[in-house]
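Bear in mind the structure is a predicted one, so any value in this text is a computation, not a measurement. First the proteins, then the strands, lettered A, B, ... as listed; each starts at 1.
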Protein chains: 2
Amino acid sequence: MFISTSEHSVDAKNRVSVPASYREVLRGDPHDAIYVFPHFSGAYLEGGGELFMQQYRADIARLGRYDPLGQIMEVAVLGAAKRLDFDSTGRITLPKEFIEHARLGKRAAFVGCGSRFEVWNVEDHARRSSDMREAAAQMMQDPEQVARLGGGQSLESLIKSSPSLADFLNRRGS
Amino acid sequence: MFISTSEHSVDAKNRVSVPASYREVLRGDPHDAIYVFPHFSGAYLEGGGELFMQQYRADIARLGRYDPLGQIMEVAVLGAAKRLDFDSTGRITLPKEFIEHARLGKRAAFVGCGSRFEVWNVEDHARRSSDMREAAAQMMQDPEQVARLGGGQSLESLIKSSPSLADFLNRRGS
DNA sequence: TCGCTATATGGGATATCATGGGAAATTATG
DNA sequence: CATAATTTCCCATGATATCCCATATAGCGA
């Protein structure tokens with residue numbers, strides 16, 4: 001699971017270190033790489049490992065070749081995504097288009113979102129982060145939203161429906 | 001289950017011992033670590049083990065990728081959380097941002113909250129603790145609140161509805 | 001009362017991570 | 001095919017985090 005936020009330098013060669021904790025999540029993937037694409041709904045990049053990309057591929061494939069939504073997502077996600085290989089010290093090189101899309105400067109913020117992560121311009125992220133944290137505190141005042149969130153019951157429902165999942169989560173920690 | 005409160009030193013390297021009774025709860029987790037994040041609604045840290053974090057992940061994942069509440073919680077919880085590994089004597093190292101957020105000084109208070117725990121500046125905690133005890137006494141005067149609490153019936157309902165889940169929670173001590 | 005064991009805490013040595021720069025290999029271009 | 005541009009690989013370095021050992025303290029049992 002990708003968690004935590006950290007800032008990293010983008011050097012003159014457009015290289016940036018991927019947080020070591022993210023690389024640990026990716027151990028076992030067939031390629032020593034991440035998949036990244038400029039997100040269609042904002043000035044940031046979305047990325048993840050093999051599983052992340054396969055989830056998109058499967059969602060799109062399930063729609064079928066002639067589904068308009070599928071065609072849109074093919075272009076917006078699969079067409080926009082690149083596999084970025086790690087160098088020996090755990091860095092990737094960001095394509096110029098990605099840097100421009102996310103308005104990245106000398107530093108970039110990696111934000112863990114569970115099954116995937118986002119890459120932001122640090123100022124944009126700081127702004128968004130404080131907005132989101134304030135919104136989260138607000139949400140906790142609203143019983144309807146609290147109920148929607150589930151209060152930790154979601155996992156228990158999963159375990160109830162599939163007891164073996166509990167062992168899996170325990171072992172994998174992912 | 002995380003219970004009881006104890007104070008521990010934060011040393012020059014920002015290390016702090018996690019109460020032994022908490023570590024015992026975490027035995028069996030895939031990593032010898034806790035997950036902690038600066039809470040969005042106050043100057044304290046919230047933490048727990050693998051199950052604690054998976055509950056957040058599952059709650060957020062259930063809302064789906066495009067739910068605004070889910071996005072808020074991704075940033076406020078998953079993006080803010082870090083896995084803090086124990087050293088051989090059961091200490092963790094607190095990141096500087098965490099110390100600043102919770103205004104921790106030379107000592108920190110660990111407060112058990114069942115499935116999770118909180119870390120507080122000792123003065124803030126003392127104040128809050130007496131407020132909460134007073135509030136609890138008040139609540140018991142209100143029949144509506146007393147009814148909501150359930151009077152100990154909740155566990156019996158849980159066991160009746162799903163013996164295997166009850167067994168899982170029992171083994172995990174959470 | 002005297003150790004024994006758990007736990008808690010401090011400090012120095014070591015390993016890992018992030019990052020910069022140069023050399024070699026690859027690709028694009030005329 | 002030759003040259004320039006770019007990318008990939010490799011090594012160096014400083015900062016930080018991790019490991020390991022030493023000591024202190026408290027509870028427990030003989």
Side-chain angles (χ1 to χ4, degrees), chain A residues 2-27 31-36 45 47 82-100 104-112 117 119-122 125, chain B residues 2-27 29-37 45 47 81-100 104-112 117 119-120 122 125 173:
Chain A
F2 299 107
I3 59 167
S4 120
T5 296
S6 53
E7 265 183 44
H8 293 275
S9 296
V10 180
D11 71 14
K13 296 176 177 175
N14 293 337
R15 293 178 302 186
V16 61
S17 293
V18 174
S21 67
Y22 291 16
R23 299 198 310 260
E24 196 190 337
V25 175
L26 301 168
R27 272 192 295 177
H31 308 282
D32 199 23
I34 54 177
Y35 295 87
V36 182
L45 312 177
K82 280 192 156 66
R83 199 187 86 196
L84 304 179
D85 293 320
F86 291 124
D87 71 12
S88 60
T89 63
R91 286 177 294 196
I92 53 168
T93 300
L94 292 168
K96 268 192 289 293
E97 323 88 77
F98 286 18
I99 289 180
E100 283 160 18
L104 300 181
K106 289 260 173 264
R107 295 185 71 75
F110 285 74
V111 185
F117 58 84
V119 183
W120 287 80
N121 163 307
V122 285
H125 170 254
Chain B
F2 300 109
I3 58 164
S4 120
T5 296
S6 52
E7 265 183 45
H8 293 274
S9 297
V10 181
D11 71 13
K13 293 178 176 176
N14 294 337
R15 292 178 301 188
V16 60
S17 292
V18 173
S21 67
Y22 291 15
R23 299 201 308 261
E24 196 187 337
V25 175
L26 302 168
R27 272 192 295 177
D29 272 15
H31 307 282
D32 198 23
I34 54 177
Y35 295 87
V36 181
F37 66 92
L45 311 177
K82 279 189 157 62
R83 200 186 83 195
L84 304 179
D85 294 322
F86 291 124
D87 71 12
S88 59
T89 64
R91 286 176 295 194
I92 53 167
T93 300
L94 292 168
K96 267 192 291 294
E97 322 89 76
F98 286 19
I99 289 180
E100 283 161 18
L104 300 180
K106 289 261 173 261
R107 295 186 71 74
F110 284 75
V111 185
F117 58 84
V119 183
W120 286 81
V122 286
H125 170 251

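Between B/R91 and B/S17, the shortest heavy-atom distance links the atoms CG-OG, 3.4 Å. Here the shortest heavy-atom pairing between B/A33 and B/D85 reads CB-OD1, 3.1 Å.
Atom OG1 of A/T5 sits about 12.5 Å away from atom CZ of B/F37, to the nearest 0.5 Å.
Within the nucleic acid shown, A/S17 comes within 4.0 Å of at least one base atom, counting heavy atoms only. When heavy atoms are screened at a 4.0 angstrom cut-off, B/V16 is found touching no nucleic acid atom at all.
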Heteroatom pairs (N/O) under 3.5 angstrom, protein to nucleotides 8-11 of chain D:
{"from": "D/dT8", "atom 1": "O4", "to": "A/K13", "atom 2": "NZ", "distance (Å)": "3.3"}
{"from": "D/dC9", "atom 1": "N4", "to": "A/R15", "atom 2": "NH1", "distance (Å)": "3.3"}

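Side-chain atoms of B/F86 and B/I34, non-hydrogen and from C-beta on, do get closer than 4.5 Å to each other. Contact of the A/P95 side chain with the A/L84 side chain is registered, since non-hydrogen atoms from C-beta on lie closer than 4.5 Å. Contact annotation: the side chain of A/L104 approaches that of A/V119 to within less than 4.5 Å [non-hydrogen atoms, C-beta and beyond]. At a threshold of 4.5 Å between non-hydrogen side-chain atoms, the residues A/V16 and A/I92 count as touching. Residues B/F98 and B/T93 form no side-chain contact, since every pair of their non-hydrogen atoms from C-beta on lies 4.5 Å or further apart.
Taking atom NZ of residue B/K96 and atom C1' of nucleotide D/dT16, one finds them 9 Å apart after rounding to whole Å. In this structure, the CD atom of B/E97 is 12 Å from the P atom of D/dT16, given to the nearest Å.
A perpendicular orientation is assigned to the rings of A/H8 and A/F110, their planes being inclined by more than 60° (bins at 30° and 60°). Ring pair A/F117/A/Y22 is tilted by interplanar angle, where 30° to 60° counts as tilted.
For the helix from C/dT7-D/dA24 to C/dG30-D/dC1, the angle separating the two terminal helix axes comes to 40°, with each axis derived from five pairs and the value rounded to 10°.
In textbook terms, a nucleotide whose glycosidic angle is within 90° of 0 is syn, while C/dA8, being further out, is anti.
Judged purely by distance below 3.5 Å, without hydrogens or angles, the side chains of A/R107 and A/S9 pair a donor atom with an acceptor atom.
In summary, contact between chain B and DNA chain C, defined as any nucleotide atom under 4.0 Å from a heavy atom of the protein, begins and ends at C/dT7 to C/dG12 in the 5' to 3' direction.
DNA chain C is contacted by both B/S21 and A/A20; B/S21 maps to the nucleotide lying nearer its 5′ end (nearest heavy atom per residue).
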